Amino acid sequence: MDSNGLEGVVVANTELSDVDGERGRLVIRGHDVEELALHHDFESVCALLWTGVLPDDAAHAALRTALGRARERAFARLPSLGDALDAADAMDALRASLAHLRADDSAPVELKVELTAAVAVFAAAWSRQREGMAALAPDPGLGHAADYLRMAGTAGADAARADALNAYLVAASDHGMNASTFTARVVASTHSDAVSAVVAAIGALKGPLHGGAPGPVLAMLDAIGAPERANAWIARELAAGRRIMGMGHRVYRVRDPRAAVLERAIEQLHAAGLRSNRLALARAVEAVAVASLGERNPQRRLAANVEFYTAVILDAVGLPQPLFSATFAVARVAGWLAHIDEQLAGGRLIRPASRYVGPQPQALETA
C-alpha cells in the first residue's frame, strides 16, 4: 500500500461501479459497460446509477422529459451567470457557472436532474460564446446527447452522431473512486450541498492527470499525421522522455474497456457514412505505442485508456477540442451525483490521517 496518492487504500464500500484493472472490466451497477453502451442511452444509465435499476419505458420517458425541461430552466439562467461564460477555459466556465446554482433551486424536480441538465447547457453555451455566437435554446423533445450536440452548434447533429455521443456519455458516466468522484464524496461527507460537491469535482476533473488529456491526444494524432509516420514519431517522443498521450492508466493493467466501447461507436459512425480519417491513424498509433512502450518496460505494459479514443469520437461527432473536458463532465456528473447520494446515505466524514515528516522544534536548553 502506497500512502502517496492513496494507492490501494479502500475509502468506501460502493454499489455503483467496479473497476477491475487486471481483467480490463468496468461494471456499473451490475452491468458491463460494453453492454450498457450497446443497448442503453445516457438517460437509462442515469436512472441506473441513481435508482439501482434500469428504467422501464415509462420511467425512461419521464426522466427524458424531466431532463428536457431542466435544460430549459438552465438556459433561462444564462443571463444571470455574470461573466462566468467569459472564461477562456471551458472547465473554468463550468465551475463558475454551476456555482450560481442553489441547492434549493431544484423544486419541484430533483437536484440531480437540474445539475445534469445545467452542465450540458452551460458547456454548450460556453462553446457557442467562444465562437462569437449566441447560445442555442434547448429542444426538450430531444434526448440529452442529441440536444447537447445541437446546443453546441454541431453541424449535422443527426441520429448517428447522437448515438455515438450516447456511447461516450455512458462509458464515461462512472468509474470507481477516481479523483473527481472522491472529491465529490469528500465534500458530501461534510454534509455540504450537492452543488458544492459537483463544483469541487469539476475542479478535480480539470486537471490534466484526470480529465484534461483528450485534447492533447488529438494534437498528437494531428502531429503524426499518417499511420506510416507513427514509428518514427513515437520513437522520438520516447527518446526525449515525453509521455505518449492516451496510453496507460492508474488502475488498468490491460486495455481500458471503455476504449473498446468508443472504438466500436466510431465504427458504427463509419457504417452510417460518417467516416473519421483519424480512426485508422489512432489504431496504428495505438499498436506502435503499445509495442514500443512494452519494449522499454516489459514489467509494466501500457495500453490505451479511455482518453485515447475519446479524442477521436468527440472529434468525429463534431465537437470542438476546447469542449472535450467539459463534455467529460457532461457524462461524469451522473456518477458524481450517485456517489453523493451514496456517501450521504451511509458514509462518515472523510478525514484521513497524515504522517508528519517535517522538522521538530528544538528542545529548550537546560540551564
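Computed over heavy atoms, backbone and side chain alike; hydrogens, waters and symmetry mates excluded. All values reported here derive from a predicted model rather than from experimental measurement.
- With Arg102 contributing its side chain and Ala99 its backbone, the two residues share a donor-acceptor pair below 3.5 Å.
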- Verdict with supporting geometry, Thr310 and Phe324, side chain to side chain contact (heavy atoms under 4.5 Å, CB included): CA-CA 8 Å; Thr310 290; Phe324 285 4; 5.6 Å; no
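- The pair Arg25-Asp18 fails the salt-bridge criterion, with no side-chain N (NZ, NE, NH1 or NH2) lying under 4.0 Å from an Asp/Glu carboxylate O.
- Sparse packing is recorded around CZ of Arg348, with 12 or fewer heavy atoms of other residues, nucleotides or ligands lying under 6.0 Å away.
- Closest of all the heavy-atom pairs between Leu38 and Gln268 is CD1-NE2, 4.1 Å.
- Atoms OG and CD, from Ser189 and Gln343 in turn, are 5.5 Å apart once rounded to the nearest 0.5 Å.
- With rounding to the nearest 0.5 Å, the separation of CD in Glu43 from CG in Leu67 is 6.0 Å.
- From His39, atom NE2 reaches atom CG of Leu54 across 11.5 Å, with rounding to the nearest 0.5 Å.
- Side-chain contact check for Thr183 versus Leu205: every heavy-atom pair is 4.5 Å or farther apart.
- You'll find the side chain of Leu36 reaches within 4.5 Å of the side chain of Leu48, heavy atoms only.
- A 4.5 Å side-chain heavy-atom check between Leu149 and Asp158 finds every atom pair outside the cut-off.
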Sequence neighbours excluded and cut-off under 3.5 Å, please list the side-chain donor-acceptor pairs for residues 115-125, or say none.
from: Thr116; atom 1: OG1; to: Lys112; atom 2: O; distance (Å): 2.8

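- A side-chain donor-acceptor contact under 3.5 Å links Arg150 to the backbone of Ala137.
- Closest approach of Ile234 and Ala289 over heavy atoms only: CD1-N, 3.7 Å.
- Contact annotation: the side chain of His175 approaches that of Arg258 to within less than 4.5 Å [non-hydrogen atoms, C-beta and beyond].
- No side-chain N or O of Glu342 forms a donor-acceptor pair with one of Asn13 less than 3.5 Å apart.
- Side chain of Ser97 to main chain of Leu94: no donor-acceptor pair is present (N/O by atom type, distance under 3.5 Å, no hydrogens or angles).
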- Message: The test is salt bridge (charged side-chain N to carboxylate O under 4.0 Å, His left out); show your working for Lys206 and Asp92 and say whether it passes.
- Response: CA-CA 8 Å; Lys206 179 187 175 185; Asp92 289 341; 2.7 Å; yes
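- Ala223 and Arg229 make their closest contact through O-NH2, 3.7 Å (heavy atoms, listed as atom of the first residue, atom of the second, distance).
- Residue Leu49 comes nearest to Arg29 through the heavy atom pair O-NH2, 3.1 Å, listed as atom of the first residue, atom of the second, then distance.
- We find the CZ-CZ distance between Arg130 and Arg128 to be 13.0 Å, quoted to the nearest 0.5 Å.
- Heavy atoms from other residues, nucleotides or ligands lying under 6.0 Å from CG of Asp57 number 12 at most.
- In this structure the side chain of Met91 reaches within 4.5 angstrom of the side chain of Ile202, judged on heavy atoms.
- The 12-atom threshold is exceeded at CZ of Arg283, counting heavy atoms of other residues, nucleotides or ligands nearer than 6.0 Å.
- More than 12 heavy atoms of other residues, nucleotides or ligands shown are found within 6.0 angstrom of CD on Glu267.
- Put simply, the side chain of Leu85 reaches to within 4.5 Å of the side chain of Leu78, judged on heavy atoms.
- For Phe42, the ring-ring contact (aromatic ring centres under 6.0 Å, His included) partners two or more places apart in sequence, or in a different chain, are His144.
- Shown here for Phe328 and Tyr168, the closest heavy-atom pair between the two residues is CA-OH, 3.2 Å.
- Grouping the Ile, Leu, Val, Met, Phe, Trp and Tyr side chains by contacts below 4.5 angstrom, directly or via other members, places Val317 apart from Leu136.
- For the pair Arg278 and Asp222, the salt-bridge criterion is met [side-chain N within less than 4.0 Å of a carboxylate O].
- In this structure, Val199 and Leu101 have side chains that are not in contact, with every pair of non-hydrogen atoms separated by 4.5 Å or more.
- Between Leu323 and Tyr148, the closest side-chain pair of non-hydrogen atoms falls below 4.5 Å.
- Here Leu221 contributes atom CG and Glu286 contributes atom CD; the two are 10.5 Å apart, rounded to the nearest 0.5 Å.
- For the atom pair Thr14 OG1 and Met177 CE, the distance stands at 6.0 Å (nearest 0.5 Å).
- Asp32 contributes no side-chain N or O that, together with a main-chain N or O of Glu35, makes up a donor-acceptor pair within less than 3.5 Å.
- Summarising the geometry of Ile340 relative to Ala194, their closest heavy-atom pair is CD1-O, 4.2 Å, with the distance given to 0.1 Å.
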